[in-house]
Trainee: 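Pasting a structure here, questions to come.
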There are 2 protein chains.
Amino acid sequence: MAKKIKIEPDTSTEEKIKEAARKVFTQKGYAATRTRDIAEEAGINLALLNYYFRSKEKLFEIIMMEKMHALFGVLVPVLNDSTTSLEKKIELVSVNYIELLSHTPDLPLFVLSEIRSSPQAFGERMQANKLIKDSHFIKQLTEKRKDLHPLQFLMSLLGMLLFPFIARPVFGSVGVLAQKEFDFLMEERKRLIPQWMKLILNSN
Amino acid sequence: MAKKIKIEPDTSTEEKIKEAARKVFTQKGYAATRTRDIAEEAGINLALLNYYFRSKEKLFEIIMMEKMHALFGVLVPVLNDSTTSLEKKIELVSVNYIELLSHTPDLPLFVLSEIRSSPQAFGERMQANKLIKDSHFIKQLTEKRKDLHPLQFLMSLLGMLLFPFIARPVFGSVGVLAQKEFDFLMEERKRLIPQWMKLILNSN
DNA sequence: GTCTATAACCTGATAGAC
DNA sequence: GTCTATCAGGTTATAGAC
């Protein structure tokens, strides 16, 4: 229990490679990434990558797992909390996601692209799926709006939250929407989206 | 003027290759696609691909151009029509997009992924950008809601429309959301999204 | 653990026969 | 126009020295 006293400094070679892999994989995707890119980014030799992680694919799976947990990790616990109201959940999910994606904007496009490339893999996805479908949030939605499929609401909420980051290369090109303005708009959306989704929820 | 009387039958080898390229590129992305995959899908030899299109990259650029036009082509003309009301534009964009994406569901994820991979390329994107920013739709929005950045509204609308298709591998896995149910929900969204966006537009 | 050198393989593209 | 055979270059992974 008290075996490992020293805190991992994250400066080990293994961690340097993982950090480089996070950067390159998320930027270029699995197929376009060369192990040489990762090695160079990490400042180490190519052979070391295989020494620590056996293969490009094994390394990728580790990074992918991390990223999927990051993407679904801010969603699932909030939706499954049986002590919070529907409206509170909407607020929390909105703030959590915009906060997260402001720091790692290419997270959703990376995860969704790679899931598409190998749809049968990544069992995590199915698991997250079930956790969402059977969530307290869905129960609350169903109860509140019997006329509406709960996924109609959830897809809209997530679309509003994630889409600006997914499409940022389109919206955010130079001269049309600069970085600072984009950040400002996202900050504003923490307030706007819950407001709008509540409006939708209470309509009819 | 009356030079080409015969209508192209689209059964030519060139078209067979393009059709195969459309399928494989959009499914796997540029980097993960091998020219051999395209040749096999087209039922022709690998060498013919280079005979007709010089290189993998040239072929890709043709397909990418097509796909970008498809994705933005249903948006730009509607937003720039100065004879329609704001609410009519919302209805048209919604129906157009859901109709389009129901037939080619992986169009948006493909285009957005590839734009990210080479952000400086694809000048079309910038052009579409300007066309949107200076559109009649944006003017109408600005006038109607002086307190709201028009992109806040546009990003939300597009997010609602595109996100279900972008995230379909997540939502649409077997046992959670089957194909027929997904199609039904999308059909329903043609009505729901305009209704909801008008609600947002007229709030406050 | 870390490196250099190289093996083994794959991929895009072309030469040349038909 | 279409094919087979092959080249040239690049990529992953490993062997072996330090």
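Excluded from the calculations below are hydrogen atoms, water molecules and symmetry mates; all remaining heavy atoms, backbone and side chain alike, are included. In what follows, every chain begins at residue 1, and chains take the letters A, B, ... in the order their sequences are listed.
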Trainee: Would you indicate whether the side-chain heavy atoms of A:Lys28 and A:Asp37 approach each other to under 4.5 Å?
Mentor: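 Side-chain contact under 4.5 Å: yes.
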Trainee: Taking atom C1' of D:dT11 as reference, at what distance in whole Å does atom CG of A:Leu59 sit?
Mentor: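 Whole-Å distance recorded here is 15 Å.
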Trainee: Please, which pairs that meet side-chain hydrogen bond (donor to acceptor under 3.5 Å, both in side chains) have at least one residue in residues 44-54 of chain A, sequence neighbours excluded?
Mentor: none
Trainee: What is the separation between atom CD1 on B:Ile17 and atom C1' on D:dC3, rounded to the nearest whole Å?
Mentor: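 Atom CD1 in B:Ile17 sits about 13 Å away from atom C1' in D:dC3.
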Trainee: Could you state the atom-to-atom distance from NZ of A:Lys28 to C1' of D:dT11 in whole Å?
Mentor: 13 Å
Trainee: For residues B:Phe153 and B:Leu201, report the shortest heavy-atom separation together with the two atoms involved.
Mentor: CE1-CD1, 3.7 Å
Trainee: Rounding to a whole Å, what distance do you find between A:Ile44:CD1 and C:dG1:P?
Mentor: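 The answer, rounded to whole Å, is 13 Å.
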Trainee: Please give me the minimum heavy-atom distance between A:Pro194 and A:Arg189, naming the atom from each residue.
Mentor: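 Heavy atoms only, the tightest pair is CD-O, 3.7 Å.
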Trainee: Please give, in whole Å, the distance from C:dG12 P to B:Phe60 CZ?
Mentor: 13 Å
Trainee: Between B:Lys67 and B:Glu114, does the salt bridge (charged side-chain N to carboxylate O under 4.0 Å, His left out) criterion hold? Intermediate values first, please.
Mentor: CA-CA 11 Å; B:Lys67 294 294 180 183; B:Glu114 299 299 334; over 6 Å; no
Trainee: How does protein reach along nucleotides 13-18 of chain C, written 5' to 3' as B (base within reach of a heavy atom under 4.0 Å), S (only sugar-phosphate), or - (no contact)?
Mentor: BBB---
Trainee: Rounded to whole angstrom units, what separation is found between the CD atom of B:Glu14 and the C1' atom of D:dT2?
Mentor: 15 Å
Trainee: Please list, chain by chain and in numerical order, all residues satisfying side-chain hydrogen bond (donor to acceptor under 3.5 Å, both in side chains) with B:Lys58, sequence neighbours excluded.
Mentor: none
